[in-house]
Each structure stands twice: as C-alpha cells, then as structure tokens.
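Before any comments, here is the structure.
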Amino acid sequence: MAGVRSISVFGATGSVGLSTLDLIRLNREDYTIIALTANGNAAELARLAIEFDAAIAVVADEAAYPALKEALAGTSIEAAAGADALVAAARRGADWTMAAIVGTAGLAPTLAAIEGGRTVALANKESLVSAGAMMMAAVVQSGATLLPVDSEHNAIFQCLAGGSLDQVRKITLTASGGPFRAFSLDQMRGVTPAQARSAPIPNWDMGAKNQRR
Ligand code: NDP
C-alpha cells in the first residue's frame, strides 16, 4: 500500500504490543504512530513513545500519570491517563490499530477504534468473548476491517483466504497444546482443574475460571 500508515498500539508494553513495535521498527519510515498505551508501566511506555515519536501516550492507571508526564517532559508527546483517555486515544482515527490490552479493559478502546471504520487487529480476544455480538455489529455499521491476531482465529482466517464462508461446512478446532495433549479419552475422564492449572504457560496466567469444567 502506498503512503505512510498511521498506527496506534493499545497494550504497547505487553508481549503482543512489543512484537508489533518490533515489526514497525523494520520499516519505520512507512508508519507514523498516533497512540501508544499501557496500564501502569509509565517508564517503558514513555521510552517507546519517545522512540516512535508518538502523538500521545496513555496509561490506564491514573496513579501512573505523574511518572508518565515527568518522563515525557520536554517532548511534544501528549500524556494522558484513565479509561476515558484510552477511548479518546482510540477515537483519534489511526489507519491501523493493534488491540492488545489484556482482559476486558480492552473492550471500550477496541470498540472505539472499530467505530472509526478503519483496520483493527484484534489480539484481545477477551473483548470478543465478552461482547462479540456488539463488536461485530459495530464492525458492520462502521465498515471497519477486523483482523484476527490470536492464533486459532488467525488460522481460520488464513484458511478462508480466497474463499467465502458459504463454501465452509464445518470448522474443527483442535487443542494446540497443554498438559493433556497426549492423553487418551479414558485418561481425560480423570483429569482435575488442579492438574490443568499446574500447566506452565510461558507468559500468561490463565486463571482458574478458564479451566472450570
Ligand atoms: P501482556 O500482559 O504481555 O500485556 C498486556 C498489555 O495490556 C500491557 O501493555 C499492559 O500494560 C496492558 N494492560 C494490562 N492491564 C490493563 C488495563 N487494565 N487497562 C489498560 N491496559 C492494560 O499481554 P499479552 O501481550 O500477552 O496479551 C495481550 C492480548 O493478546 C490478550 O488479550 C491475550 O489474550 C492476547 N493474546 C496474546 C498472545 C501472546 O502470545 N502473548 C497470543 C494471542 C493472543 P502494563 O505493561 O502497563 O501492565
């Protein structure tokens, strides 16, 4: 695509956010950065905002605002804090928004970005799980493009490339790993939530709720 694209990264200090910025670094001249956000990690957010010359840096946790403001002193980068500021940043209309805040805190800014009618890359599956119907209605209404980033969603998306949904009879999702991957059906009958919970997950605490039977 010709021209410089404007980008916002929500959850810029997290695993997905940092990977996104790694990619942007590879072709830095093709992008301008509008908003970068974090929850409370003001120091890292300010470092990234300065490196990428963002227009605005937002921390969700208002207690982190003084540190962010101080770290950005002497730059032209705006600092802001709080849930409403996240939504306002999402309304600035980036061509392409990465929604990589963890948990349902990502819902409101993601929805605001969708309402802008541009492209939203969705890592934050929690927003889809908690408010999928509302989000998809907003996508239809605004004409936004919603790109799935999460692995299973993206795998299905890639399988559908070049085809259309009415050519699909059935989608089968297999488990991608976990402690019970090699278990037989018989062995599965005896597993407990405690066993599932003890499985090591590299960078994410799944929490007990996900494993309830
Ligand atoms: P991380 O925990 O690494 O990063 C989370 C990001 O969200 C950080 O920038 C964090 O800021 C910010 N954040 C945390 N809480 C809040 C809040 N209450 N309000 C606003 N911002 C907040 O998460 P990941 O990058 O691993 O995951 C991000 C999303 O992507 C999740 O929805 C996850 O399910 C999904 N995902 C992740 C994958 C992965 O491999 N990591 C793969 C597929 C999907 P701070 O640094 O200040 O805490």
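We number each residue from 1, following the sequence as shown. For the numbers below, each heavy atom of this structure counts, side chains included, while hydrogens, waters and symmetry mates do not. Both counts, for ligands and for their atoms, begin at 1 and track the order of listing.
- Contact annotation for A60 and ligand 1: only side-chain heavy atoms (C-beta onward) come within less than 4.0 Å of the ligand.
- Those atoms of ligand 1 with a heavy atom of N41 less than 4.0 angstrom away are 46 (O), 47 (O).
- Using a 4.0 Å cut-off between heavy atoms, A12 contacts ligand 1 through its backbone alone, with no side-chain atom that close.
- For a threshold of 3.5 Å applied to N or O pairs, the pair formed by A105 and ligand 1 contains no separation below that value.
- In E70, the CD atom is not crowded: 12 or fewer heavy atoms of neighbouring residues, nucleotides or ligands sit closer than 6.0 Å.
- Both the backbone and the side chain of S15 come within contact range of ligand 1, each with a heavy atom under 4.0 Å.
- Clustering ILVMFWY residues whenever any of their side-chain heavy atoms sit less than 4.5 angstrom apart, transitively, puts V9 in the very cluster that holds Y31.
- Listed by number with element, the atoms of ligand 1 under 4.0 Å from a non-hydrogen atom of G40 are 47 (O).
- At a 3.5 angstrom cut-off on N or O pairs, N39 counts as close to ligand 1.
- Between V16 and ligand 1, at least one N/O pair is under 3.5 Å apart.
- Applying the 4.0 Å criterion to heavy atoms of T13 picks out, from ligand 1, the atoms 8 (C), 9 (O), 10 (C), 11 (O), 45 (P), 46 (O), 47 (O).
- Residue G103 has no N or O atom closer than 3.5 Å to an N or O atom of ligand 1.
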